[in-house]
Amino acid sequence: MKTVGTFSFDAPGDAERAAELRRVKALATLVLASTLLLFVAAKSLLNVHPVFGFIAAFAEAATIGGLADWYAVVALFKRPLGLPIPHTAIIQSNQARIADKLGEFIQVHFLEAGPVEAKLKEIDFGSFVADWLRDRKRSDDLARFALRLLPEAFSATESSGLMTFIIRRLSSQLQAIDLAPLAAGTLRGFVAEGRHQVLFDDLLRVMHDTLTQKETMAMIREKVRAELPTLLRLYRADKFLVNKIVASATAFFNEVRSDPKHPFRGEFNRMVLTFVDRLGTDQTYIDRIDGLKRDLLARPELADLARTVWANTRAFIERSASGETQVLQHHLAGMFVAAGEALAGDSELRAEINKGLVTVLRSFVADQKSGVSTFISDQVKAWNMTQLISLIEINIGRDLQYIRFNGSLIGGLAGLALYTAEFLLRLL
């Protein structure tokens, strides 16, 4: 720590205030010396004229008053003339008590829940965040900062075993999911929206296209031909039958596809809903779906895919952090700016942010205020008191020196008044 002789005037104006303090100190000392010389001179001239008695009385009392106030001012900071006089060097002697009381004062009067909450409510945190994010340069800086942290976060995740823990937790959570009711609910919503009818139409079209293909018709004709008597084969009845079957099927398909209320569609609805109900309640279906889920999660390809995705993501993040590519930084910055714009236009969200931050910060201050008090107390106790006293003198010492001027003046006037009263009494 620096001593008084090497004290550094760092605050603006400290050097000027120190020079002014030295000037006022010298002037106060000069006044004290002047009153003392005036007293000596007036005493020596008492026989010349009675007026010198009044002058001597004023000078004597002014000297005593100046000395008393010099003692009071000096005793506040140090021991007068270095003498171990009791109740002097008040600030130095009470450093620990001052530190404790200062910490207690800050805790009681500055960090109470009411004043803290009132002050926090005056701050519009939401608007501050919105304005900060809307600034493109700040968002770019934030995106660049976030990208510099991400590779370290990836490395810490891998080295700490957090990744393994996450994978295990994720796997256990997936294993715990009951897919049968989930699938049944999804399909039931699919049916409720009528989207299964589109699938039904596609199915009818595929069946029609397949049935009318030459290869399919030839296969059906061969099957029919094999079942017909020999006589009917001679008249090619198989071809006639196949054409009639295909024509009837085509007409039926077109009829169903063109009529949204066709009974066949109703049968399809009932079939699908029956399947959906069984999917969610039939233990056989539930076991099958659960088995498929376990088999899927146990596949090594899934683990390899996860590792590949992780490695590719990390490589991309590292390239972005090194500046090799600006794509991610650009998108992150754009996302931050968009978030700021959205926040600026959403007064309800800003109000919620303000409310949440007030609650969090109020609780934080309430939890930490005793620690703040202790911190302030410890800091003050650790201060170099020589430095502190020099700092106090620089800032308020000039006003304290005027106490010496006032002491000389008030003391002198008091002495003059007493001497005058005494003089008048002698004349009576």
Salt bridge flag under 4.0 Å for residues Glu352 and Lys355: no

What's the spacing between Phe105 CZ and Ile376 CD1 if we round to 0.5 Å? 11.0 Å

Is a donor on one side and an acceptor on the other found under 3.5 Å between the side chain of Thr29 and the backbone of Lys25? yes

Tell me whether Arg148 at atom CZ has more than 12 heavy atoms from other residues, nucleotides or ligands lying less than 6.0 Å away. yes

Validation row: Arg398, Arg17 side chains within 4.5 angstrom (heavy atoms): no

Work out which heavy atom in Ala130 is nearest to a heavy atom in Gly340; give both atom names and the distance. CB-O, 3.7 Å

Taking every non-hydrogen atom, the tightest pair across Asn354 and Gly126: OD1-N, 2.7 Å

Would you compute the distance between atom CD of Gln326 and atom CG of Leu147 and round it to the nearest 0.5 angstrom? 9.0 Å

Please step through side chain to side chain contact (heavy atoms under 4.5 Å, CB included) for the pair Thr35 and Phe58, ending with a clear verdict. CA-CA 8 Å; Thr35 58; Phe58 174 85; 5.6 Å; no

In terms of heavy-atom contacts, does CZ of Arg97 have more than 12 from other residues, nucleotides or ligands at under 6.0 Å? no

Should the heavy atoms of other residues, nucleotides or ligands under 6.0 Å from CD of Gln283 be counted, would the total exceed 12? yes

Closest non-hydrogen atoms of Gly411 and Ala61, given as atom of the first, atom of the second and distance, are O-CB, 2.7 Å

Whether Lys137 and Asp140 form a salt bridge (side-chain N of Lys/Arg under 4.0 Å from carboxylate O of Asp/Glu) is what I want to check. no

What distance separates Leu27 CG from Leu32 CG, expressed to the nearest 0.5 Å? 11.5 Å

In sequence, state the C-alpha distance, the side-chain angles, and the governing distance for Leu142 and Arg138, and then conclude on side chain to side chain contact (heavy atoms under 4.5 Å, CB included). CA-CA 6 Å; Leu142 179 60; Arg138 289 174 175 169; over 6 Å; no

Taking all non-hydrogen atoms of both residues into account, name the closest pair between Ala57 and Gly415 and its distance. CB-O, 3.9 Å

Quick one: does Glu152's side chain get under 4.5 Å of Leu149's, heavy atoms only? no

Counting only heavy atoms from other residues, nucleotides and ligands, does the tally under 6.0 Å from CZ of Phe252 exceed 12? yes

Under the side-chain hydrogen bond (donor to acceptor under 3.5 Å, both in side chains) test, which residues partner Thr250, sequence neighbours left out? His208

Decide, yes or no, whether a salt bridge links Glu122 with Lys119 under the criterion of side-chain N to carboxylate O below 4.0 Å. yes

With side chains defined as the heavy atoms from C-beta onward, is the minimum distance between His330 and Val327 less than 4.5 Å? no

Asp141 vs Phe145 side-chain heavy atoms within contact, under 4.5 Å: no

Within the structure provided, determine whether Phe128 and Ile123 are in side-chain contact (heavy-atom separation under 4.5 Å). no

Check whether the ring centres of Phe405 and Tyr402 lie less than 6.0 Å apart, and answer yes or no. yes

Interatomic spacing from CG in Leu343 to CZ in Arg350 - rounded to 0.5 Å: 6.5 Å

For Val309 and Thr313, which heavy atoms make the closest approach, and how far apart are they? O-OG1, 2.7 Å

From Glu341 atom CD to Leu133 atom CG, the distance as rounded to the nearest 0.5 Å: 10.0 Å

The test is side chain to side chain contact (heavy atoms under 4.5 Å, CB included); show your working for Leu120 and Leu357 and say whether it passes. CA-CA 9 Å; Leu120 289 174; Leu357 283 175; over 6 Å; no

Can you confirm whether more than 12 heavy atoms, excluding those of Asn312, are under 6.0 Å from its CG atom? yes

Side chain to side chain, Leu409 and Val31, heavy atoms closer than 4.5 Å: no

Donor-acceptor check, side chain of Ser377 to backbone of Ser373, threshold 3.5 angstrom: yes or no? no

Kindly indicate, with the supporting measurements, whether the criterion side chain to side chain contact (heavy atoms under 4.5 Å, CB included) is fulfilled by Arg270 and Leu273. CA-CA 5 Å; Arg270 283 190 291 272; Leu273 289 174; 5.9 Å; no

On a heavy-atom basis, which atom in Gly66 and which in Ser408 lie closest, and how many Å separate them? CA-OG, 3.4 Å

Supply the atom-to-atom distance Gln401 CD to Asp69 CG, rounded to the nearest 0.5 angstrom. 10.5 Å

Apply side chain to side chain donor-acceptor pair (under 3.5 Å) to Arg278 and Thr284, showing your working. CA-CA 9 Å; Arg278 291 188 62 189; Thr284 303; over 6 Å; no

